Amino acid sequence: MKILGIDPGTINCGYAILELINKKPKLVEAGLIKITAGELQEQIPQMLEAFEGIFLKHKIDEVAMEDIFYAHNPKTTIKLAQFRGAIMLKLLQNFGQFSEYTALQV
């Protein structure tokens, strides 16, 4: 079973893929999706394209995504929520429903 962990961000989006082998986690891949500065409508597709590459490379069975961190700047929190929502939509488009591929809030 492969698990994708996502730490959403508006500049850098972190991810890691773990594989459970005999109930022991093994790191398969980890990295950052670097998002260039610009307008939101340019940044979100850039991030989603990177996730599409990850989905094509790995068969993902479960997904865990960090919940929104409430920063002091409300604009940053709103932008992060938009990124997180776009990621959830991409997961739904690729995997169908969250009952099979659960997006956990950690």
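Not measured: the values here are computed from a predicted model.
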- Query: How close do I87 and M47 get, heavy atom to heavy atom, and via which atoms?
  - Reply: CG1-CE, 3.6 Å

- Query: Are the side chain of N73 and the backbone of K75 linked by a donor-acceptor contact shorter than 3.5 Å?
  - Reply: yes

- Determine, step by step, whether I17 and I54 satisfy the side chain to side chain contact (heavy atoms under 4.5 Å, CB included) criterion, reporting the C-alpha distance in whole Å, the side-chain angles of both residues, the deciding distance to 0.1 Å, and the verdict. CA-CA 9 Å; I17 299 171; I54 292 168; 3.8 Å; yes

- Considering all heavy atoms, the nearest C13-P8 contact: SG-CA, 3.8 Å

- Task: Please tell me if the side chains of V63 and I6 come closer than 4.5 Å, counting only heavy atoms from C-beta onward.
- Result: yes

- Measuring from F83:CZ to T10:OG1, what's the distance to the nearest 0.5 Å? 6.0 Å

- Rounded to the nearest 0.5 Å, how far apart are CD1 of I3 and CG of L18? 6.0 Å

- Message: Walk me through whether D61 and K59 qualify under side chain to side chain contact (heavy atoms under 4.5 Å, CB included).
- Response: CA-CA 7 Å; D61 298 302; K59 181 190 174 297; 2.5 Å; yes

- Over all heavy atoms of both residues, which pair between A86 and L48 is shortest? Give the atoms and the distance, please. O-CD2, 3.6 Å

- Note on the structure: When rounded to the nearest 0.5 Å, the distance separating CG of L91 from CE of M65 is 5.5 Å

- Item | Nearest-0.5 Å distance that lies between atom OG1 in T76 and atom CG in L80 | 8.5 Å

- For E29, check salt bridge (charged side-chain N to carboxylate O under 4.0 Å, His left out) against everything at least two apart and list the hits. K57

- Message: Quick check: do T36 and Q43 have side-chain heavy atoms less than 4.5 Å from each other?
- Response: no

- Item | Smallest separation among heavy atoms of L32 and G14, with atom names | CD2-CA, 3.8 Å

- Between I44 and Q82, which heavy-atom pair has the shortest distance, and what is it? CD1-O, 4.1 Å

- Message: If you count every heavy atom of other residues, nucleotides or ligands that lies below 6.0 Å from I11 atom CD1, does the total exceed 12?
- Response: no

- Task: Could you name each residue pair satisfying salt bridge (charged side-chain N to carboxylate O under 4.0 Å, His left out) that touches residues 33-52, not counting sequence neighbours?
- Result: E52-K90

- Interatomic distance, L40 atom CG to I78 atom CD1 [nearest 0.5 angstrom]: 11.5 Å

- Pairwise distance CZ(F95) to CZ(F55) - rounded to 0.5 angstrom: 4.5 Å

- Nearest heavy-atom pair of I35 and G9: which atoms, and what distance? CD1-O, 3.6 Å

- Query: Looking at side-chain heavy atoms only, is the closest gap between I60 and L4 below 4.5 Å?
  - Reply: yes

